[in-house]
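None of these values were measured; they are calculated from a predicted model. Chain letters run A, B, ... following the sequence lines, proteins first and then strands; every chain starts at 1.
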Protein chains: 2
Amino acid sequence: MQQPVDQIVQTLRDKGLRVTPQRFAVYSNLLARADHPTAEQILGDLNQAAPTSSQATVYSSLQALRDVGLVREVLLEEGICRYDANVAPHHHFRCSSCGAIEDIAWEQFQNISLDQLRPGLQVEDYEVTVRGQCDRCTPTS
Amino acid sequence: MQQPVDQIVQTLRDKGLRVTPQRFAVYSNLLARADHPTAEQILGDLNQAAPTSSQATVYSSLQALRDVGLVREVLLEEGICRYDANVAPHHHFRCSSCGAIEDIAWEQFQNISLDQLRPGLQVEDYEVTVRGQCDRCTPTS
DNA sequence: CTTTGTGCAAACGATTTGCAGGATG
DNA sequence: CATCCTGCAAATCGTTTGCACAAAG
C-alpha cells in the first residue's frame with residue numbers, strides 16, 4: 001500500500017483532481033493505513049502534529065476521492081462510515097468484541113454461486129461480511 | 001409475515017416488553033412490510049391516517065425491539081439505518097439504480113467455505129450483500 | 001400502585017453547505 | 001488568471017435525551 005509520492009500525485013492528476021496538500025494528505029493517509037478509519041480519525045491523524053486540515057476539507061476530499069473511484073466507504077456499524085483506499089473487491093471481517101476490521105481476500109469466497117438467484121436480478125458484484133472474534137479477543141491460549 | 005394480533009402481543013410479552021399501542025404498531029408494521037424501512041418511514045406510515053406516535057417513541061420502540069432480538073438493523077447505504085423484523089439469518093440484494101432492497105434466502109449461499117480464513121479468527125456468522133439491477137430497473141424486454 | 005413508556009422540545013454528533021479568501025494548473 | 005479548493009461557521013439530518021404526564025401489569 002505504501003506508494004511513492006510521485007505516484008500518488010500522478011494518480012490524483014489522472015483522475016482529474018487538483019493536487020492540494022490536504023487532498024494529498026487524506027489519500028496517502030488512507031493508503032498507508034491498514035484499518036478503515038472514519039473521517040474523524042483521518043482528521044485527527046493529519047492534525048496530530050500540527051493543524052493542516054479542517055474537517056470540512058477532509059469530508060470534501062473524501063467525497064472527491066470517492067467520486068473518482070479512488071476510495072470507497074465501508075459500512076459495518078450503525079452510524080459509522082469508514083473509508084478504504086483499497087477499491088479492489090474484497091470482503092471484511094469484523095470482530096464483534098473490539099470492533100476491529102480486517103480485510104478478507106476476494107479469492108476467499110470466489111466459489112460463490114450466484115446462478116440460483118431470483119431470475120430478473122442482474123448481479124454487479126457482491127460482498128461478504130464475516131462477524132466473529134479476532135485473535136486478541138479470543139481467550140484461546 | 002402476517003401474524004394474528006394475539007400472537008404478536010404474546011411475542012412481545014414473552015420478551016418482557018410491555019405491550020403499548022405504539023410499540024405494537026411499530027412491530028406489526030415491520031412484520032407486515034417486505035421492504036426494510038427506516039425509522040422515518042415507519043413513523044410516516046403509522047401517522048398516515050392520524051397521528052398515533054411520535055418520532056421519539058418510534059426510535060425507542062425500535063431500540064427496545066432490537067434489544068430483545070425481535071428486530072435487527074440493516075446497513076447498506078451511508079447514513080441510512082433500516083430495520084428488519086426478519087431476524088433469521090439471510091442475505092440482501094440491493095438495486096444500485098432504485099435502491100430497492102430484497103431478501104436473499106440464507107440457503108442461497110450455504111456453500112460458503114470459511115475454513116480457509118486466517119487462523120485465529122473465530123467466525124460467528126456472515127452475510128452476503130449482492131449489488132445489481134432489479135427487474136424494474138433492467139431495460140430487459 | 002409501581003414500573004415503564006410516551007410525547008414534547010431541546011440536545012447531540014456526524015456530515016454538509018454558503019461564502020470569502022487562497023492556491024492550483 | 002480562471003477555476004477549483006480551503007476554512008470557518010452556520011445549517012442540516014437523523015437520532016438521543018430530560019422530564020412531566022399517562023398507561024401497563
Once you round it to whole Å, what is the distance between [atom2] of [N] and [atom1] of [X]?
{"X": "B/Asn47", "N": "C/dG7", "atom1": "CG", "atom2": "P", "result": "9 Å"}
{"X": "A/Leu62", "N": "D/dC5", "atom1": "CG", "atom2": "P", "result": "14 Å"}
{"X": "B/Leu12", "N": "D/dA23", "atom1": "CG", "atom2": "C1'", "result": "16 Å"}
{"X": "A/Ile42", "N": "C/dA14", "atom1": "CD1", "atom2": "P", "result": "14 Å"}
{"X": "B/Lys15", "N": "C/dT4", "atom1": "NZ", "atom2": "C1'", "result": "19 Å"}
{"X": "B/Gln22", "N": "C/dT6", "atom1": "CD", "atom2": "P", "result": "5 Å"}
{"X": "B/Phe24", "N": "D/dA24", "atom1": "CZ", "atom2": "C1'", "result": "15 Å"}
{"X": "B/Arg82", "N": "D/dG14", "atom1": "CZ", "atom2": "P", "result": "12 Å"}

Test side chain to side chain donor-acceptor pair (under 3.5 Å) applied to [X] - qualifying residues, sequence neighbours left out:
{"X": "A/Asp14", "value": "A/Gln10"}
{"X": "B/Arg131", "value": "A/Glu124, A/Asp125"}
{"X": "A/Gln48", "value": "none"}

Could you name each residue pair satisfying salt bridge (charged side-chain N to carboxylate O under 4.0 Å, His left out) that touches residues 111-121 of chain B, not counting sequence neighbours?
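Passing the test, one end in residues 111-121 of chain B: A/Glu102-B/Arg118, A/Asp135-B/Arg118.
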Salt bridge (charged side-chain N to carboxylate O under 4.0 Å, His left out) contacts in which one or both residues fall within residues 39-62 of chain B, not counting sequence neighbours
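Found B/Arg33-B/Asp45.
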Residue met sooner reading DNA chain D from 5', once B/Cys81 and A/Ser53 are mapped to nucleotides
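On the 5' side of the pair lies A/Ser53.
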Bend across the helix from C/dC1-D/dG25 to C/dG25-D/dC1, to 10°, with axes taken over 5 pairs at each end?
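What I find for the helix from C/dC1-D/dG25 to C/dG25-D/dC1 is an axis angle of 40°.
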Identify every side-chain donor-acceptor pair in residues 56-63 of chain A under 3.5 Å, counting partners at least two apart or on other chains, and give the distances.
unit_1: A/Thr57; atom_1: OG1; unit_2: A/Ser54; atom_2: OG; d: 3.1
unit_1: A/Ser60; atom_1: OG; unit_2: A/Thr57; atom_2: O; d: 3.4
unit_1: A/Ser61; atom_1: OG; unit_2: A/Thr57; atom_2: O; d: 2.8

With the sugar-phosphate defined as primed atoms, P, OP1 and OP2, and the base as all remaining atoms, what B/S/- string results for nucleotides 16-25 of chain C, 5' to 3', for protein heavy atoms under 4.0 Å?
BB-----BBS
With a non-hydrogen cut-off below 4.0 angstrom, is B/Thr38 in contact with a base, only sugar-phosphate, or nothing?
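B/Thr38: no heavy atom of the nucleic acid under 4.0 Å.
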Between A/His92 and A/Asp84, which heavy-atom pair has the shortest distance, and what is it?
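Closest heavy-atom pair between A/His92 and A/Asp84: NE2-OD2, 3.8 Å.
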Got a list of side-chain donor-acceptor pairs under 3.5 Å for residues 67-74 of chain B, not counting sequence neighbours?
unit_1: B/Arg72; atom_1: NH1; unit_2: B/Glu127; atom_2: OE1; d: 3.2
unit_1: B/Arg72; atom_1: NH2; unit_2: B/Ala88; atom_2: O; d: 3.2
unit_1: B/Arg72; atom_1: NH2; unit_2: B/His90; atom_2: ND1; d: 3.0
unit_1: B/Glu73; atom_1: OE1; unit_2: B/Arg66; atom_2: NH1; d: 2.6

Specify whether A/Tyr126 and A/Trp106 have parallel, tilted or perpendicular ring planes, treating 30° as the upper limit for parallel and 60° as the lower limit for perpendicular.
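Rings of A/Tyr126 and A/Trp106: tilted, as their planes differ by 30° to 60°.
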Below 4.0 angstrom from OP1 or OP2 of C/dG7, is there any side-chain N or O of B/Thr57?
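Yes, within the criterion.
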